[in-house]
Amino acid sequence: MSASSETADEAPVMMSHTETNDVTSGSSDVTKTSSDITCEVLVIGAGISGLTAAYEIQKRNPKTELCLVEAKDRVGGRTLATQIRVRQGQTETFDLGGQWVGSTQTDIMEMLDELGLEVYPQYIQGTKHMQLGGDSIRRYSSTIPNLGSWWGLVQLQLFIWKVDRLAKKCSPLSPCSDRTIRDLDGVSVEAFARQNISNTAALEAIISACRVILGCDASRVSVVHFLAYTHAAGGLNALLEATPGTAQEFKVKGGTQQISELLADRIGRHRIHLRHPVTNITQGNGDVTVTTGDGVVFHCKYVISGVPPNQLARVTFSPPLSPVRRELISNMPMGHLIKFVVTFEETFWRAAGMSGEVVSNGGPSTVPGCTHGPLCIVYDATSDKGSPALVGFIAGSTSVEWESRTKDEREKAVISSLASFFGKKTEKYIEYQEKVWAEEPFTGGCPVCYTTPGLMHTFPALREKHGRVFFCGTELASRWCGFMSGAVQTGRQVALEVLHVLQPDVTLTPS
Ligand SMILES: Cc1cc2nc3c(=O)[nH]c(=O)nc-3n(C[C@H](O)[C@H](O)[C@H](O)COP(=O)(O)OP(=O)(O)OC[C@H]3O[C@@H](n4cnc5c(N)ncnc54)[C@H](O)[C@@H]3O)c2cc1C
């Protein structure tokens with residue numbers, strides 16, 4: 001059955017409040033009709049994690065009858081390519097979603113290699129800008145940030161060392177197994193930072209970092225989530241910098257949505273059903289029935305869900321997910337980021353010895369309802385073909401405030417803020433494009449679901465299989481959780497788990 005002509009309205013989905021959690025006692029009361037689709041394994045979600053899971057199963061056991069169902073009208077989830085006008089009347093592909101990869105992100109690097117995609121280094125040469133601890137703009141050229149005082153720098157470095165020390169004890173697989181960490185579960189990142197840092201610029205550096213890394217304000221997120229995230233990245237500097245080994249080391253030629261497009265080609269497009277938002281997952285009688293918002297019903301033996309926690313909380317499970325897991329996923333909102341890309345005729349900032357990098361508290365704002373200017377972080381986004389561009393983010397509560405303004409108002413404010421760092425030439429741009437991720441159906445924000453204080457001791461529940469339903473997704477990763485690499489890691493992992501239940505006698509090794 002083909003579903004390609006149907007509309008992509010968001011389905012009305014609710015949390016289930018059924019009492020029992022015995023997955024063997026549920027019974028599928030959905031009668032099969034001729035339009036129903038039957039398969040062995042149904043993967044839900046055509047983001048990198050779901051597609052990786054489907055691809056791995058197909059690759060290792062091509063005989064598996066596999067289908068993939070996706071709510072959106074496209075594959076890629078939190079990766080999204082867009083065409084933007086560049087110099088000489090051309091257009092080029094830029095990323096409005098996930099973009100950077102790094103050499104320590106082995107899962108995604110292996111996947112890029114397997115798909116024949118190439119990377120190129122992030123441009124970092126030259127002077128950087130910092131606007132923290134006040135409105136004044138400071139420049140610096142080394143990897144040591146300019147916080148305006150040595151005392152601020154010392155406090156920041158001591159804090160980074162402390163976070164790294166604690167993060168070592170805080171694996172995402174079992175974040176609260178250490179007593180010291182468990183005692184911090186109810187503490188927000190901001191409260192923790194304030195206990196350790198008195199210098200305003202150093203404190204703002206951590207608050208800004210949290211806003212950009214998780215898309216939420218430091219007052220909203222458990223410091224234990226931040227520690228687990230740091231653990232998964234191998235240290236806080238790996239999240240903060242754009243140097244070798246960090247999260248912002250390379251960009252992918254042609255954009256990252258190609259990862260999903262190529263995986264979809266390899267899986268077989270006929271197996272992928274777009275515009276089918278899953279609303280109900282019912283288990284019983286040795287099978288699973290999955291119902292979509294448009295009334296199409298899938299019958300299968302096993303399900304792999306690659307749906308992010310905030311969206312999973314909207315799917316009705318029968319038997320229901322455990323109360324602990326329901327409480328957890330109901331308190332894992334997506335962050336807020338608006339990502340923008342601006343193209344230019346020339347890389348005039350490079351010519352002036354600047355790297356294009358800005359870290360900012362937003363600076364002053366003259367727009368009513370917006371307490372700060374829009375910029376949180378900016379990087380050089382010049383393509384591998386040399387088309388000059390800058391990329392930046394409006395993040396956390398600053399994003400929430402700017403989401404209520406029009407695109408024109410944001411565009412004007414972004415260009416004017418960029419001009420305060422890079423000068424008047426910024427105003428002669430070719431095109432501005434942006435993506436307000438909070439408005440994206442079936443995603444509802446970005447870059448990742450974070451955990452509010454007090455729940456990280458229940459975090460392992462995210463990964464537990466629920467009867468015949470298995471789970472993947474970047475939020476579940478133990479390496480580079482929150483990143484494309486984490487999505488690949490969990491997709492591969494869950495594929496092995498499902499292949500094992502399909503063929504218990506076959507020995508499988510990680511690829
Ligand atoms: C602006 C932005 C910048 C980022 N920057 C980076 C970066 O530089 N580097 C990096 O590594 N990562 C980055 N990320 C994060 C990265 O994109 C994600 O970690 C990764 O793509 C997540 O993949 P996933 O498969 O786990 O989830 P997703 O991509 O969210 O896929 C989940 C899929 O499930 C679908 N779905 C949801 N609900 C339902 C339903 N009810 N029924 C059926 N389908 C459903 C969704 O539509 C989606 O397609 C960024 C993300 C954003 C948005």
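We count ligands from 1, going down the list as the structure has it; atoms in each ligand are counted the same way.
- Gln433 and Glu431 are linked by a side-chain donor-acceptor pair at a separation below 3.5 angstrom, with hydrogens and angles left out of the test.
- Residue Ile44 places a heavy atom less than 4.0 Å from ligand 1.
- Here is the list of ligand 1 atoms found below 4.0 Å of a heavy atom in Gly47: 25 (O), 29 (O), 31 (O), 33 (C), 49 (O).
- Defined by atom type and a distance below 3.5 Å, a donor-acceptor pair is missing between the side-chain atoms of Asn280 and Thr282.
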Under the side-chain contact (heavy atoms from CB on, under 4.5 Å) rule, what do Trp480 and Val488 come out as? Steps first, then yes or no, please. CA-CA 10 Å; Trp480 288 101; Val488 173; over 6 Å; no

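- Every atom of ligand 1 with a heavy atom of Pro308 under 4.0 Å away is listed here by number and element: 30 (O), 32 (C).
- For Lys407, the NZ atom counts as densely surrounded, since its 6.0 Å shell holds more than 12 non-hydrogen atoms of other residues, nucleotides or ligands.
- Less than 4.0 angstrom separates some heavy atom of Pro447 from each of these atoms of ligand 1: 15 (C), 50 (C), 51 (C).
- Summarising the contacts of atom 40 (C) of ligand 1 with Val75, Val278, Asp95, the nearest heavy atom is found in Val278.
- In this structure, Leu236 CG and Thr230 OG1 are separated by 5.0 Å, a value rounded to the nearest 0.5 Å.
- By the 3.5 Å distance cut-off applied to N or O atoms, Lys339 is not counted among the residues near ligand 1.
- Among the atoms of Arg78, some N or O lies under 3.5 angstrom from an N or O of ligand 1.
- With ligand atoms numbered from 1 in the order given, ligand 1 contributes 19 (O), 22 (C), 26 (O) to contacts under 4.0 Å with heavy atoms of Thr474.
- Each of the following atoms of ligand 1 lies closer than 4.0 Å to a heavy atom of Gly473: 26 (O).
- Counting atoms of ligand 1 from 1 in the listed order, those under 4.0 Å from a heavy atom of Pro277 are 42 (N).
- The proximity of Trp437 to ligand 1, defined as any non-hydrogen pair under 4.0 Å, is limited to the side chain.
- Heavy atoms of Gln311 found under 4.0 angstrom from ligand 1 belong exclusively to the side chain.
- Side chain to side chain, Thr406 and Glu409 meet the donor-acceptor criterion of an N or O pair below 3.5 Å.
- Ligand 1 is approached by Leu96 to a heavy-atom distance shorter than 4.0 Å.
- With sequence neighbours excluded, no residue satisfies ring-ring contact (aromatic ring centres under 6.0 Å, His included) with Tyr302.
- Taking the six-membered ring for Trp and the full ring otherwise, the centers of His273 and Phe298 sit less than 6.0 Å from each other.
- Val307 counts as a contact of ligand 1, since one of its heavy atoms falls under 4.0 Å from the ligand.
- Between Ile48 and ligand 1, at least one N/O pair is under 3.5 Å apart.
- Numbered from 1 in the order shown, with element, the atoms of ligand 1 that lie under 4.0 Å from a heavy atom of Gly45 read 33 (C), 34 (O), 35 (C).
- For Trp100 and Gln122, the side-chain atoms include at least one donor-acceptor pair closer than 3.5 Å.
- Using a 4.0 Å cut-off to heavy atoms of Trp100, the atoms of ligand 1 that qualify are 7 (C), 8 (O), 9 (N), 10 (C), 11 (O).
- Both the backbone and the side chain of Ala71 come within contact range of ligand 1, each with a heavy atom under 4.0 Å.
- Between His129 and Phe421, the gap from one ring centroid to the other is short of 6.0 Å.
- Geometrically, ligand 1 and Ser49 share a nitrogen or oxygen pair separated by less than 3.5 Å.
- In summary, the side chains of Gln489 and Ser485 do not present any donor paired with an acceptor at a separation below 3.5 Å, with no hydrogens or angles considered.
- Geometrically, ligand 1 and Glu70 share a nitrogen or oxygen pair separated by less than 3.5 Å.
- Classification of Arg211 and Asp217 as a salt-bridged pair holds, one side-chain N sitting under 4.0 Å from a carboxylate O.
- Here atom 18 (C) of ligand 1 lies nearest to Gly482 when heavy atoms of Gly98, Gly482, Gly50 are compared.
- For Phe250, the ring-ring contact (aromatic ring centres under 6.0 Å, His included) criterion is met by no residue, not counting sequence neighbours.
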